[in-house]
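Beneath this line is the structure, given in structure tokens, with notes to follow.
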2 protein chains.
Amino acid sequence: MPPDHASASGFDLERFLPYRLNSLADRISQALACLYETRHDLSVAQWRVLAWLHHREEMTAKQIREATRMDKAKVSRAVQALEDRGLIRRRPSPQDQRVQDLRLTAAGKDLLAELIPEARAWEAELVAPLSVEEYRELLDVMGKLERQLARLE
Amino acid sequence: MPPDHASASGFDLERFLPYRLNSLADRISQALACLYETRHDLSVAQWRVLAWLHHREEMTAKQIREATRMDKAKVSRAVQALEDRGLIRRRPSPQDQRVQDLRLTAAGKDLLAELIPEARAWEAELVAPLSVEEYRELLDVMGKLERQLARLE
DNA sequence: CCCTGTTGGTTTCATATGCAACCATTTGTC
DNA sequence: GACAAATGGTTGCATATGAAACCAACAGGG
């Protein structure tokens, strides 16, 4: 009897891609969170905002929301916290009084100058067992899944 | 000037594996959650418990916790909810009055008989753009990352 | 047997989360 | 221009979460 994909028999979560991928991503994310949570008191959301501002120099909350696919409120709260700590500066855009332009402060840049090399080093350790070829392939396949996901939505 | 992995220059979240992987897994997980959340009113945690019980027939809460790496409390609450809905049955183990043996009820089996083919079909659509080779490779690489993660912890 | 330490599971509590209502501003339309 | 619809961002609220406190039940010396 050939394997029957339409039946419920012999279903194994461990071989179910969504589950495997989610478990793995959760574990990685959580392990990495130690870097910025315990050592620099940053939430994941805050780290993402900082990293994007590092990359793009000046962004609005909306752009960050789109880039990270995080909830509106989550971004808002992360931004608030970062401003309170003096890591970013926000100022109403001259063109549109609703939007706020966000930028790193000097303190924010300093923090990232510490954080980014740490993050990179950690990633390097994580992917150490992969060959360059495998690593490239992984990113490639992930891209395909992302595109397919967009089509399914 | 060669790329400098120890510096903070030119850091791009989009190329940072932990972030990419987490984004992707979140999106997949959330999309899939529609299947069992909106259509069958099951949380992700509940679905995982059911799926494991389908696979292993009889398990204790602790075994589920180990298998899924979910929080103690989360498992406890999922089990409670599933029992309330009559999808699983729990009964104190004869050997040890502390542990409870969990099993699917007939209703639980029926639900899975619906749910699993749906989940499989959805996964199949998701991975449709991947070749068999790529799919195998992906699982393989994920396994390597999991093992490396275990070493780093 | 106690008495201590462990272990499986539940509950409590403080926090994080997402949705929806909201406010202020801008845009479009007549 | 004025009024309706839309848009960026914040806040309130109800729920989900994880850590730690907790409660039985077991284990194992003495």
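Letters go in sequence order (proteins before strands), and every chain restarts at 1.
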Atom [atom1] of [X] and atom [atom2] of [N]: how far apart are they, to the nearest Å?
X	N	atom1	atom2	answer
A:Asp71	C:dA16	CG	C1'	11 Å
A:Ile64	D:dT10	CD1	P	11 Å
B:Arg65	D:dG18	CZ	P	13 Å

Could B:Arg136 and B:Glu133 be called an ion pair, given the rule that one side-chain N must be under 4.0 Å from one carboxylate O?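 Yes.
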Does [X] reach a base, just sugar-phosphate, or nothing at all? Heavy atoms under 4.0 Å.
X	result
B:Thr60	sugar-phosphate
B:Lys74	sugar-phosphate
A:Ala73	base

In terms of the nearest nucleotide of DNA chain C, which residue is placed more toward the 5' end: A:Gln95 or A:Met70?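 First, find each residue's nearest nucleotide; the 5'-ward one identifies A:Met70.
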Toward the 5' end of DNA chain C, which comes first, A:Asp96 or A:Ala45, by nearest nucleotide?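 Nearest-nucleotide comparison on DNA chain C picks A:Ala45.
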Decide yes or no, distance alone: a donor-acceptor N/O pair under 3.5 angstrom between the base of [N] and the side-chain of [X].
X	N	result
A:Arg77	C:dG18	yes
A:Arg98	D:dT7	yes
A:Lys62	D:dG8	no

Of the listed nucleotides D:dG9, C:dG9, D:dT10, the one nearest the side chain of A:Ala61: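 Among D:dG9, C:dG9, D:dT10, the one nearest the side chain of A:Ala61 is D:dG9.
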Give the nucleotide from the list C:dT10, C:dT26, D:dG9 with an atom nearest to the side chain of A:Gln97.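 Minimum distance to the A:Gln97 side chain belongs to C:dT26.
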Going by distance alone, is a donor N or O of one side chain under 3.5 Å from an acceptor N or O of the other, for A:Gln30 and A:Arg27?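 No, because no side-chain N or O of A:Gln30 sits under 3.5 Å from a partner of the opposite role on A:Arg27.
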Have a look at B:Leu87 and tell me which of B:Val49, B:Leu53, B:Leu112, B:Leu82 forms a side chain to side chain contact (heavy atoms under 4.5 Å, CB included) with it.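 For B:Leu87, the side chain to side chain contact (heavy atoms under 4.5 Å, CB included) test succeeds with only one of B:Val49, B:Leu53, B:Leu112, B:Leu82, which is B:Leu82.
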Side chain proximity check, B:Arg20 to B:Leu24, heavy atoms < 4.5 angstrom: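 Result no, sub-4.5 Å side-chain heavy-atom pair not found.
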